[in-house]
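Computation of the quantities below employed the complete heavy-atom set of this structure, encompassing side-chain atoms and omitting hydrogens, waters and symmetry-equivalent molecules.
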Amino acid sequence: MSFKIYNSLSRQKEVFEPITQGHVGMYVCGPTVSGESHLGHARPYITFDVLYRYLMYLGYKVRYVRNITDAGHFEEEGREAEDKISKKAILEKLEPMELVQKYTNLYHWAMLQFNCIEPTIEPTATGHIVEQINMIKKIISEGYAYEVNGSVYFDVKKYAEGHDYGKLSGRVLDDLLETTRLLDGQDEKRDKADFALWKSATPEHIMRWSSPWGDGFPGWHIECSAMATKYLGARFDIHGGGMDLLFPHHESEIAQSTICNHEAPVRYWMHNNMITINGKKMGKSYNNVITLRQLFSGDHPLLSQPIHPMTVRFFILQSHYRSTLDFSSEALVASEKALKRLWEAYENLKNLNAAHEGIAADAELDKQVNTWLNELHDFINDDLSTPKVIANLFEMAPVINGIKDKHIAADSLSAKTITRMQNDFRIFLEDILGLKAVSENDNELFQSIMQLLIDIRKEAKTKKDFVTSDKIRNQLTQMGIMIKDEKDGEMSWTLA
RNA sequence: GGUCCUUUGGCCGAGUGGUUAGGCACAGCUCUGCAAAAGCUUUUACAGCGGUUCGAAUCCGCUAGGGACCUCCA
């Protein structure tokens, strides 16, 4: 079965075929670093991290470009007003690049927590002003943009004469023209549907660059077109982002790039759905965001406890990326428990001995396990159906635990099947889904001390000295370490 | 107002017309010195109405609720 992805452009699943054999060019809209990342932002980065990982697993050489939007109308909440009065000394004023640095750092930190692999190129908008200006010049010379008072606008109406403006978002231009909303600078545009390529900066606007049209800053859409073209070429394989970017951002990106490069820029458009909270999109304008720092620390009224980044990642992957996903503390806690159980099964699986030779004693079970394993590949191939992948992994957990606990005979499965399970669990859980152990306890000294405590407890139990054995267990429990008595008299422990 | 999406059991969430998604919670049982964990078993569904079909959660229509985009937005 070949890898299929849902293409927003055709509104159906298509077999993925790269433009250049063996290589994939992928662009994902990154964060605007004027504010702190929240749970909603986590979704595309985790979704496309899984895509990136899977493409690499398939053997492709992937160039993964994810931008940082650090240019535009930047101001920190609450500081706008005072900074506009620019009579303060330079060090007292908020320097836009301070904001950019602060939130870029926070964003990188969060991505690390989520175990997201860094993109191969992470270009910034401010680092590509020249490319953007050149692109705008090209669009003007092609006759699809015009300058008014130092700002440059894209002529959508003209574009629509020869191209389908709206093919991605399903928008109809005539409907857009009827929109009666009034915005700043609308009077400069020839038409309501036109969008800015370059905005003239007012005197108090701090972020500014000189251009053929005077001091100003680039429009929102042009940076992605310029940077994608530079690093991936006029036409590349995959462009990803949130559904809320479909229009106008991606629609405009197509228009700009098409005029500039004389071909449509992207083969497969992929869009993740929103994370909602009480059914409403999580977003700054709704005042319902939970920042990643709040999530990890539990410092939010809606959270009953801190949420581990791996729990968040697992929670997100338990739903399909094109469905909305509703946030609740209960759902996160459920995911935490689920992940713990699945991961323990995975650890148990690693310790199963696949050494015995011969055929499976329980042919039916062996066959069932192999079916589940085969399906893992089918599911991930089916537009990244991570919820189904996870469901199948869960199906195998009782089998693994059963063998470990000796409910199921050790030779029920063939050695080949057990080895295959071990490989596929690692491939899917770690390599593709990008999950990792929640707690690292590979400290040798700590391990030795735990072993000592376990030995003492075992001795106490043998002597039926339950006061001592219970004391060890109870005190450790209070410290967050759980002791488990195994069937065979052995003991194991986990960090809670 | 325009365009589009959605409504699944206590909760979260998969579901490509025809046999159990899965997870969490709950209950019973097994194991255990007692626990925990694990395992086994089991209970709750497809918003409503109508239609197509031998058969619909799945297709079509209507009604109701929710949502997204049209403006910065992952």
For this session: Please determine, for the side chain of K484(A), which listed nucleotide (A74(B), A21(B), A37(B)) has the closest atom?
Result: A37(B)
For this session: Give one of base, sugar-phosphate or nothing for S469(A), where a contact means two heavy atoms less than 4.0 Å apart.
Result: base
Exercise. Taking the same atom, C1', in C69(B) and in G51(B), what whole-Å distance lies between them?
Worked result: 32 Å
Exercise. Does A21(B) pair with anything, Watson-Crick or G-U wobble, both distances under 3.5 Å, and if so, with which nucleotide?
Worked result: none
For this session: Between C24(B), C12(B), G33(B), spot the one nearest the side chain of F315(A), thanks.
Result: C12(B)
Exercise. Is it true that E347(A) and K350(A) have a side-chain N and a carboxylate O under 4.0 angstrom from each other?
Worked result: yes
For this session: In whole angstrom, give me the gap between the P atoms of A25(B) and C40(B).
Result: 15 Å
Exercise. For the side chain of D485(A) and the base of A35(B), is some donor closer than 3.5 Å to an acceptor across the two?
Worked result: yes
Problem set entry | d(NZ, K280(A); C1', G65(B)) in whole Å | 12 Å
Problem set entry | Distance, C1' atom - from C24(B) to U43(B), rounded to whole angstrom | 16 Å
Exercise. Between A68(B), A74(B), A25(B), which nucleotide gets closest to the side-chain atoms of Y286(A)?
Worked result: A68(B)
For this session: Could you tell me whether A391(A) contacts a base, only the sugar-phosphate backbone, or nothing, with contacts defined as non-hydrogen atoms closer than 4.0 Å?
Result: base
Exercise. Between F195(A) and H221(A), is the ring centre distance below 6.0 Å?
Worked result: yes
Exercise. What does S319(A) touch in the nucleic acid at a heavy-atom separation under 4.0 angstrom: a base, only the sugar-phosphate, or nothing?
Worked result: sugar-phosphate
Problem set entry | Atom P, compared across C59(B) and A14(B): separation rounded to whole Å | 16 Å
Problem set entry | Of the listed nucleotides G33(B), A74(B), A37(B), the one nearest the side chain of E344(A) | A37(B)
Exercise. Hey, is the side chain of N401(A) pairing donor to acceptor with the base of C40(B) inside 3.5 Å?
Worked result: no
Exercise. In terms of the nearest nucleotide of RNA chain B, which residue is placed more toward the 5' end: S169(A) or K388(A)?
Worked result: S169(A)
Problem set entry | Closest to side chain of R171(A), choosing from C69(B), A38(B), A74(B) | C69(B)
Exercise. Quick one: does K4(A)'s side chain get under 4.5 Å of N381(A)'s, heavy atoms only?
Worked result: no
Problem set entry | Listed nucleotide nearest any side-chain atom of R341(A), set G23(B), A74(B), C72(B) | G23(B)
Exercise. Quick one: I408(A) CD1 to U30(B) P, roughly how many Å, whole number?
Worked result: 20 Å
Exercise. Can you check the K337(A) NZ to A25(B) C1' distance for me, whole Å?
Worked result: 8 Å
Exercise. Between A74(B), C70(B), C12(B), which nucleotide gets closest to the side-chain atoms of A331(A)?
Worked result: C12(B)
Problem set entry | Nearest-angstrom distance, P atom, U7(B) to G13(B) | 11 Å
Exercise. Is F466(A) stacked on the base of G33(B) when the test is centres under 5.5 angstrom and planes under 30 degrees?
Worked result: yes
Problem set entry | Between T69(A) and N67(A), a side-chain donor and acceptor under 3.5 Å | yes
Exercise. Who is the Watson-Crick or G-U wobble partner of C69(B), with both distances under 3.5 Å?
Worked result: G2(B)
Exercise. A25(B), A38(B), G33(B): which one has an atom nearest the side-chain heavy atoms of R457(A)?
Worked result: G33(B)
Problem set entry | Nucleotide nearest P387(A) when distance is taken to its side chain, options C70(B), A14(B), C24(B) | A14(B)
Exercise. Counting any heavy atom closer than 4.0 Å, what does E395(A) reach on the DNA or RNA strands: base, sugar-phosphate only, or nothing?
Worked result: sugar-phosphate
Exercise. At under 4.0 Å between heavy atoms, what does M243(A) touch on the DNA or RNA strands: base, sugar-phosphate, or nothing?
Worked result: nothing
For this session: Measure the shortest side-chain to side-chain distance between Y103(A) and E36(A) over non-hydrogen atoms and say whether it is less than 4.5 angstrom.
Result: yes
Exercise. What distance, rounded to whole Å, do you find between the two C1' atoms, one in C12(B) and one in G17(B)?
Worked result: 26 Å
Exercise. NA contact type, N272(A), heavy-atom cut-off 4.0 Å: base, sugar-phosphate, or nothing?
Worked result: base
Seminar exercise, completed: From CD1 of I483(A) across to P of G33(B) the rounded distance in Å is 17 Å
For this session: Establish, from distance only, whether the side-chain atoms of S225(A) and E253(A) form a donor-acceptor pair under 3.5 Å.
Result: no
Exercise. Is NZ or CZ of R171(A) both nearer than 6.0 Å to the six-membered ring centre of Y165(A) and within 45° of the ring axis?
Worked result: no
For this session: Would you mind telling me which of G33(B), A74(B), A14(B) lies closest to the side-chain atoms of H320(A)?
Result: A14(B)
Exercise. On a whole-Å scale, what distance lies between the P atoms belonging to A38(B) and G10(B)?
Worked result: 25 Å
Exercise. Under 3.5 Å, is there a donor-acceptor pair between the T324(A) and N273(A) side chains?
Worked result: no
Exercise. Side-chain donor or acceptor of R473(A) under 3.5 Å from a matching atom on the base of A35(B)?
Worked result: yes
Exercise. So, does the side chain of D326(A) form a donor-acceptor pair with the base of G13(B) at under 3.5 Å?
Worked result: no
Exercise. Using a cut-off of 4.0 Å on non-hydrogen atoms, how would the nucleic acid contact of N392(A) be classed: base, sugar-phosphate, or nothing?
Worked result: nothing
Problem set entry | Upstream residue (5' side of RNA chain B) when T324(A) and N278(A) are each assigned their closest nucleotide | T324(A)
Problem set entry | Separation of A74(B) P from W269(A) CH2 (nearest whole Å) | 16 Å
